[in-house]
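Beneath this line is the structure, given in structure tokens, with notes to follow.
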Amino acid sequence: MTHDSLARTTALILAAGFGTRMKSQKSKVLHAICGQPLVYYPIKAALDAGCSDVVVVVGHGRAEVEKYLAKTFGNRVRTALQEQQRGTGDAARAGLSAVRAEAERLLVFYGDVPLLLADDVARVARALDANPKAALAVATCSLDDPTGYGRIVRGEGGSIIEIREQKDLRNDTERAIFEINPGIYAASVDYFRESLASLEPNNAQGELYLTDIISYAAKKSWSVVGVDSRAEVLVGVNDRRQLVSAEETMYLRIAEAWRLAGVTVRAGARIETGVTLGQDAVIEAGVHLRGNTDIGKDAVVDVGCVLSNVRVGPSTIIKPYSVLTDSTVGQGAQIGPFSHIRPDCAIGDEAHIGNFVETKKTTIGRGSKANHLAYLGDGVIGSGANIGAGTIFCNYDGFQKHTTTIEDGAFIGSDSQLVAPVRVGKDAYVGTGTTVTKDVPDEALAIARVPQENKLEYARKLRARMKAAKEAQKSK
Ligand code: UD1
Ligand code: CA
């Protein structure tokens, strides 16, 4: 959804902090939830809200964060550098230097609040529009347990006069405040310039607090609009407990949205942010759909499957406990149970891949089948081929990978090895147990095994001999 009222509004997202409480080597805002880094979500909210420009303030772990932003958002997002992490007010100052001259208004929020949506930020901006006399608008929210958040201090008559950080609470009256600061601020660019310039680090953490732009207004007797927010929105992720708890909420939210859109998503299925699902698809319990996975309409992904960046065609069935990665599956196909589709496979329409079949970098044509126990690596398999149980594509000689080509309609008998590079021609037949080392012409039969000999009555003689040997052993 976009809001016209957010034209000429720049979103400033603060993401330069150390994230000390994560106890991590990597930048806090790059820790993922539901398949995307934390910082993805507030940026998405700003873009969806229709902000004309989005500036992310980076600092700690800057190179990695910038790399991610460029890859994911291209030129829709710009960055500003906060050289030293001296607090959220200092970060906002750093962001101001990147704000364009034509920008009239700023929406400032934090990069560690992943549950925030477009409407949550747009509402704060709209509240400012609705109160032309107010200097600024801030989101507020009441919580049963406000621990860790800045508290909204109201003066006589109920006007917002200050935000006090947890560490700076002065008395029991302040400790008894349950109204907290989710951290979404809207004001004119001019107001931000003026109030940010006045900040001083006279607080428990010796930092420049962005929140002090509220008391700046109060001191000038300018009014501050409080905008009621959903409690869910504010969840700031400071440590890994909050990371996982925010993620749980987001998984539920994603599943609900797909259910309402016409997909059966059973409880306990986990669908990441970048996944898309077709109508009437069924996603069973314990399924994980990751990355850019796309499931076609009427497809079924049964219990316990893990799919990462996989495109599955309509009406295909992925049976339980199959693992598929970076591949495509056509329509009306059947995979699993217990299949392993490794990267770069393209499984054709109506193909069947059965239990304990592993494929890697292999294309499989329409209607071809490999139903049991096989390794198909670096293969090119045509349509209507049948790959018997126990077939192995010997693709690796210890130095290089080689291709096995199976033409349309070929039949590979069970327990065959195909020593690549090798080609089995159209409608050719490979006898069970054959080690194929030479190309097989179209319609030929390849067979390479020791001829069978039947020694009549020999089983009885053999048993008698072995029994005698065992008894001789005992009597020793
Ligand atoms: C902040 C608010 C608090 C609010 C809470 C909501 C301040 C002083 N406090 O506290 O009132 O209730 O968020 O979640 O603003 N950052 C920088 N540079 C810095 C420091 C921080 O870019 O020098 C960024 C961080 O990367 C983070 C965000 O600002 O994304 C918030 O910083 P954090 O330290 O998590 O603030 P809180 O203590 O959560
Ligand atoms: Ca935080």
Side-chain angles (χ1 to χ4, degrees), residues 296 298-300 310-319 322 324 326-397 401-452:
D298 297 312
V300 176
V310 176
R311 178 178 296 269
V312 173
S315 304
T316 281
I317 301 178
I318 316 282
K319 295 177 186 172
S322 295
L324 294 82
D326 299 332
S327 292
T328 61
V329 182
Q331 59 181 34
Q334 289 188 34
I335 310 286
F338 301 105
S339 297
H340 188 187
I341 310 298
R342 291 170 51 204
D344 300 322
C345 288
I347 315 283
D349 297 347
E350 285 152 45
H352 289 192
I353 304 294
N355 42 193
F356 310 112
V357 173
E358 173 183 345
T359 66
K360 188 223 68 174
K361 206 175 176 189
T362 288
T363 60
I364 297 177
R366 166 185 281 273
S368 287
K369 293 181 181 151
N371 273 328
H372 333 266
L373 299 159
Y375 172 61
L376 313 176
D378 299 293
V380 179
I381 301 172
S383 59
N386 196 308
I387 313 287
T391 295
I392 293 174
F393 288 3
C394 309
N395 59 328
Y396 187 48
D397 56 17
K401 304 280 167 67
H402 303 282
T403 303
T404 298
T405 305
I406 310 280
E407 303 282 2
D408 296 350
F411 182 97
I412 311 298
S414 300
D415 197 27
S416 296
Q417 300 94 50
L418 294 110
V419 182
V422 76
R423 172 186 168 277
V424 176
K426 196 166 174 300
D427 295 323
Y429 202 103
V430 170
T432 290
T434 296
T435 301
V436 181
T437 53
K438 293 186 294 204
D439 286 357
V440 181
D442 291 356
E443 300 193 13
L445 165 68
I447 186 151
R449 61 189 180 217
V450 179
Q452 180 173 334

Exercise. Under the 3.5 angstrom rule, does the side chain of Thr362 hit a backbone N or O of Leu376 as a donor-acceptor pair?
Worked result: yes
For this session: Look at Arg423 together with Asp439 and state whether they make a salt bridge at an N to O cut-off of under 4.0 Å.
Result: no
For this session: Calculate, to the nearest 0.5 Å, the distance between atoms CD1 and CG belonging to Ile347 and Leu324 respectively.
Result: 7.5 Å
Exercise. With side chains defined as the heavy atoms from C-beta onward, is the minimum distance between Ser315 and Asp298 less than 4.5 Å?
Worked result: yes
Exercise. Does a side-chain heavy-atom distance below 4.5 Å link Thr435 with Val419?
Worked result: yes
Exercise. Under the 3.5 angstrom rule, does the side chain of Asp442 hit a backbone N or O of Lys426 as a donor-acceptor pair?
Worked result: yes
Problem set entry | Side chain to side chain, Ile406 and Phe393, heavy atoms closer than 4.5 Å | yes
Problem set entry | Tyr396/Asp378 under side chain to side chain contact (heavy atoms under 4.5 Å, CB included): CA gap, chis, key distance, verdict | CA-CA 9 Å; Tyr396 187 48; Asp378 299 293; over 6 Å; no
Exercise. Once you round to the nearest 0.5 Å, how far does CD1 of Ile341 lie from CD1 of Ile353?
Worked result: 5.5 Å
Exercise. If you measure from CD1 on Ile447 to OG1 on Thr432, what distance do you get to the nearest 0.5 Å?
Worked result: 7.5 Å
Exercise. Backbone N or O of Arg342 within a donor-acceptor pair of the Ser327 side chain at under 3.5 Å?
Worked result: yes
For this session: Please confirm whether the backbone N or O of Val310 pairs with a side-chain atom of Asp326, one donor and one acceptor, at under 3.5 Å?
Result: no
Problem set entry | Exercise: identify the closest heavy-atom pair between Ser339 and Gly354 | OG-O, 2.7 Å
Exercise. What distance do Asn371 atom CG and Thr391 atom OG1 have between them, rounded to the nearest 0.5 Å?
Worked result: 11.5 Å
Problem set entry | Expected output: side-chain Asp408 to main-chain Ser383 donor-acceptor under 3.5 Å | yes
Donor-acceptor pairs under 3.5 angstrom involving side-chain atoms of residues 328-335: please list them, not counting sequence neighbours.
{"from": "Gln334", "atom 1": "OE1", "to": "Lys319", "atom 2": "NZ", "distance (Å)": "2.9"}

Seminar exercise, completed: Heavy-atom nearest pair, Ser322 first then Gly336, reads OG-CA, 3.3 Å
For this session: Would you name the heavy atoms of Val312 and Ala299 that are closest together and state the gap between them?
Result: CG1-CB, 4.3 Å
Exercise. Distance from Leu418 atom CG to Ile412 atom CD1, nearest 0.5 Å?
Worked result: 5.5 Å
Exercise. How far apart are the closest heavy atoms of Ala351 and Gly365, and which atoms are they?
Worked result: CB-O, 4.0 Å
Exercise. Can you check whether Gly384's main-chain N or O pairs, donor with acceptor, with Ser368's side chain at less than 3.5 Å?
Worked result: yes
Problem set entry | Side chain Thr434, main chain Ala448, donor-acceptor under 3.5 Å | yes
Exercise. What do you reckon, is OH of Tyr429 surrounded by more than 12 foreign heavy atoms closer than 6.0 Å?
Worked result: no
Exercise. Around atom NZ of Lys360, are there more than 12 heavy atoms of other residues, nucleotides or ligands at under 6.0 Å?
Worked result: yes
Exercise. Nearest heavy-atom pair of Thr404 and Ala420: which atoms, and what distance?
Worked result: OG1-CB, 3.4 Å
Problem set entry | Taking every non-hydrogen atom, the tightest pair across Ala385 and Glu407 | CB-O, 4.3 Å
Problem set entry | Partners meeting side-chain contact (heavy atoms from CB on, under 4.5 Å) with Asp344 (sequence neighbours left out) | Lys361
Exercise. Which distance, rounded to the nearest 0.5 Å, do you find between the CZ of Arg366 and the CG of Asp349?
Worked result: 4.5 Å
